[in-house]
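Some notes on the structure that comes next.
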Protein chains: 2
Amino acid sequence: MNKRMPTIIDVAEAAGVSTATVSRVLNKGKVSDLTKDTVESAIEELGYRRNNVARSLVMGKSGVIGVLIPDVTGALYAQMARGIEDVLNKYNLQYILVSGDRNVEQEQSALELLLERQIDALILIGSDLDESTLSKLLKNVYVTVFIQREATSKATSESLGESINSSAHTNGLTVGIDNYQAAQDATNYLIQKGHKKIAHITATRHDGRTRLNAFTDALEQANLSSNFIAEGDGTEDGGYKAAKTLLQNDDEIPTAIFCGNDRIAAGAYKAIKEHDLDIPRDISVIAFDNLPWAEYLDPPLTTIRQPGKSMGEVAAFKILDTLGELDDAPDEALKRARETTISYELIERSSVHDLRSGKHDA
Amino acid sequence: MNKRMPTIIDVAEAAGVSTATVSRVLNKGKVSDLTKDTVESAIEELGYRRNNVARSLVMGKSGVIGVLIPDVTGALYAQMARGIEDVLNKYNLQYILVSGDRNVEQEQSALELLLERQIDALILIGSDLDESTLSKLLKNVYVTVFIQREATSKATSESLGESINSSAHTNGLTVGIDNYQAAQDATNYLIQKGHKKIAHITATRHDGRTRLNAFTDALEQANLSSNFIAEGDGTEDGGYKAAKTLLQNDDEIPTAIFCGNDRIAAGAYKAIKEHDLDIPRDISVIAFDNLPWAEYLDPPLTTIRQPGKSMGEVAAFKILDTLGELDDAPDEALKRARETTISYELIERSSVHDLRSGKHDA
DNA sequence: TTGTAGGCGTTATCAG
DNA sequence: CTGATAACGCCTACAA
């Protein structure tokens, strides 16, 4: 069933030409129509298919780009991957996906594996790898773009001695939303609705930390105390447990919870309902991500939309651009390729209650 | 920033040995401890990293396997991808992911792109490609395994002239659940709970068709009429619309809906609630997949669990086995590698109502 | 244990 | 427009 794959040499012989000529028709070089036909039918006959690894070797580039992703199983990350793939495919490039599994050691070893393939470029999604290992690893990589590696407008100066600012990085392009600002928006939204006892369930990794900082800063600016902070692990179950602890003593219950992400919110919903509390009447919930199912929770979840697919697309465009594959691209694409910070959006649904409307209309 | 990558030759010179020796230390061949050290430090010094495309060329295998997936963005598919990756990584293999985008043309062109890379094996997830194009394309691929390409226990003989039976396929290994049986179980579960007016909202593609067939067959076997069938497109919105039409004339409303998958169910939930109907009191819902959020719907969704990750793992094991990489593998892994049909599970939550208990306890 | 040299399948340069 | 032929970086007999 598995005879040796025919090579360019076989085709050349079959067509009675040289390998160079075959290569030319394969690559749209100048060939006479006649020979072109002969060669093409020989190709057809033999079922020849070009060997891309040989091609990569001589061309010095593989046409595949590496993507390091925390977890394909995360809906948002999957969207990014999809965005990346969609634009890459238009240019006949492909990608190898590796999961960092949401932990640094795994990220590093995954990255090293990746680097051994001759990838032409690298996209790092939400990586927690620190600056120094990164720059060591990436020394010889032509182009790297980071998605969601903190392009904060207001660095979290106190919590991290030296902020993870990607702009300072080894030829690192960056795409992402303004995580800090978005989290502040979410918090302020609650404040504007008249909430004073606001809780936060943290998400993990650096974006989780940024959101926490934005949260506490926002409360501080509003002269509110931030006594209600619970650690989530980013999952539904973590959210459930965290919400439980938040709800445990009846006299000090928050009127609103800002969940680090939608999955956390799903867990929190469950906990809140178990306590026979109504959402949003008794407790309002706001979250982050806007995963596809967020609108189908009961009540539909108010949340910050992260445009995962767009982020992936932009990242891919940046790569194509730097790789010089974008000559013939539409202006629009080019423009998007240069942009660096994607806009987010607060999607109002019905999970937060307006405390003021009930009280006084002042 | 981007000087020429050091090659094995550079290392050889730096270490004062031949390239063969360097190659040997790279591949754990017999080398004296002394030279080994010298070479290794030279490697360290130069920051040498093996060029895997050259290696692939000479070895005749690339160490990457191709995965054709309908859509990374689908939670179940992502789980499969993750399962595949996890076991592959243990053996230092990687994968290229391509999305078929849930349509055949795209599937085919994606596949062709994939085949030009020298992938060592192929995993096809839920492909709708027909037998003939498949066998033409796959002529030279060493090993292919299909996930979820219908391993039905009871072929849907009437709807398809010739059933898509993978076992008949070109050296195609197969892993999947018994889709037909599972869908029958779901339907029968409803019947056992006393439901007589049962609706179905179809999912797409071949597994959707199989489920539909199982549904009608099950009803037939129970002497129930199957008047309530609506076409979904597999998405929440499709489910919403389909449920709407199901609910439109008040005198003929089903007491239960079997949704082709969880996403459809989410949409159906929304429609049902908009009609001021209670789940499960007025309408019961059962679905398929058990996506991570299914348990967080209100009420928690009763559904058939598909173990996506396991399916991916098994598929990967099959490949490793056929590729002969599994010599040193634990028995357990080996055993799993040979299995072909994965067990599913009906997860009872609270979205279906028992009609009998309310009426008569006979 | 170590070195030499041929070859993996393509592309690209340089003559014809 | 077409044909030799030298790389590309690595592995692997075969020799030493």
Side-chain angles (χ1 to χ4, degrees), chain A residues 2-40 42-43 46-64 92 115-120 140 142, chain B residues 2-40 42-43 46-64 92 113 115-120 140-142:
Chain A
N2 199 40
K3 13 190 10 166
R4 201 180 107 279
M5 284 278 283
T7 78
I8 206 179
I9 303 185
D10 301 321
V11 178
E13 284 176 355
V17 297
S18 74
T19 61
T21 303
V22 178
S23 179
R24 285 189 192 98
V25 344
L26 252 27
N27 300 299
K28 294 141 187 24
K30 283 298 168 199
V31 205
S32 80
D33 285 355
L34 184 76
T35 45
K36 181 179 171 187
D37 284 351
T38 346
V39 170
E40 274 173 347
I43 289 178
L46 300 177
Y48 167 79
R49 200 178 281 136
R50 156 205 276 156
N51 180 333
N52 256 307
V53 355
R55 180 173 215 255
S56 301
L57 181 57
V58 51
M59 305 245 299
K61 59 179 183 181
S62 61
V64 3
N92 283 310
L115 261 20
E116 286 194 356
R117 313 273 156 204
Q118 302 305 99
I119 55 176
D120 295 342
N140 291 299
Y142 188 40
Chain B
N2 200 39
K3 12 189 14 166
R4 200 179 108 283
M5 285 278 284
T7 78
I8 206 180
I9 303 184
D10 301 320
V11 178
E13 286 177 353
V17 298
S18 76
T19 61
T21 303
V22 179
S23 179
R24 286 187 191 101
V25 343
L26 251 27
N27 300 300
K28 295 140 187 22
K30 282 298 166 199
V31 208
S32 80
D33 285 355
L34 184 76
T35 46
K36 180 178 172 188
D37 284 351
T38 347
V39 171
E40 274 173 348
I43 288 179
L46 299 177
Y48 167 79
R49 200 178 281 136
R50 157 206 273 155
N51 181 332
N52 256 307
V53 356
R55 180 172 215 259
S56 301
L57 181 57
V58 48
M59 306 251 294
K61 59 179 183 180
S62 61
V64 3
N92 283 310
L113 257 174
L115 261 20
E116 286 194 355
R117 311 275 156 203
Q118 302 305 99
I119 54 176
D120 295 342
N140 291 298
V141 178
Y142 188 42

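Chain letters run A, B, ... following the sequence lines, proteins first, then strands; residues in each count from 1.
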When the distance from CZ of B:Arg55 to C1' of C:dC8 is rounded to whole Å, what number comes out? 14 Å
What is the separation between atom CD1 on A:Ile43 and atom C1' on C:dT10, rounded to the nearest whole Å? 13 Å
State which of [options] makes the closest approach to the side chain of [X].
{"X": "B:Leu26", "options": "C:dG3, D:dC11, C:dG9", "answer": "D:dC11"}
{"X": "B:Thr19", "options": "D:dC11, D:dG3, C:dT11", "answer": "D:dC11"}
{"X": "B:Met59", "options": "C:dC8, D:dT12, C:dT2", "answer": "D:dT12"}
{"X": "A:Ala20", "options": "D:dG3, C:dT10, D:dC10", "answer": "D:dG3"}

Tell me whether the side-chain N/O atoms of [X] come closer than 4.0 Å to OP1 or OP2 in [N].
{"X": "A:Arg24", "N": "C:dA12", "result": "no"}
{"X": "A:Asn27", "N": "C:dT11", "result": "yes"}
{"X": "A:Thr7", "N": "C:dG9", "result": "no"}
{"X": "A:Ser32", "N": "D:dC1", "result": "no"}
{"X": "B:Ser23", "N": "D:dC10", "result": "no"}

Are the side chains of A:Thr19 and A:Thr7 in touch, meaning some heavy atoms are under 4.5 Å apart? no
Mapping B:Val22 and A:Val31 onto DNA chain D by nearest heavy atom, which one lands closer to the 5' end? A:Val31
Students often get this wrong, so: under 4.0 angstrom with heavy atoms, is A:Thr35 touching a base, only sugar-phosphate, or nothing? sugar-phosphate
Note: for A:Leu57 and B:Val17 on DNA chain C, the residue whose nearest nucleotide lies more 5' is B:Val17
If I compare all heavy atoms of B:Leu57 with all of A:Ala54, which pair ends up nearest, and what's the gap? CD1-CB, 3.8 Å
State, to 0.1 Å, how close B:Ser62 and B:Asp120 come at their nearest heavy-atom pair, and which atoms those are. N-OD1, 2.9 Å
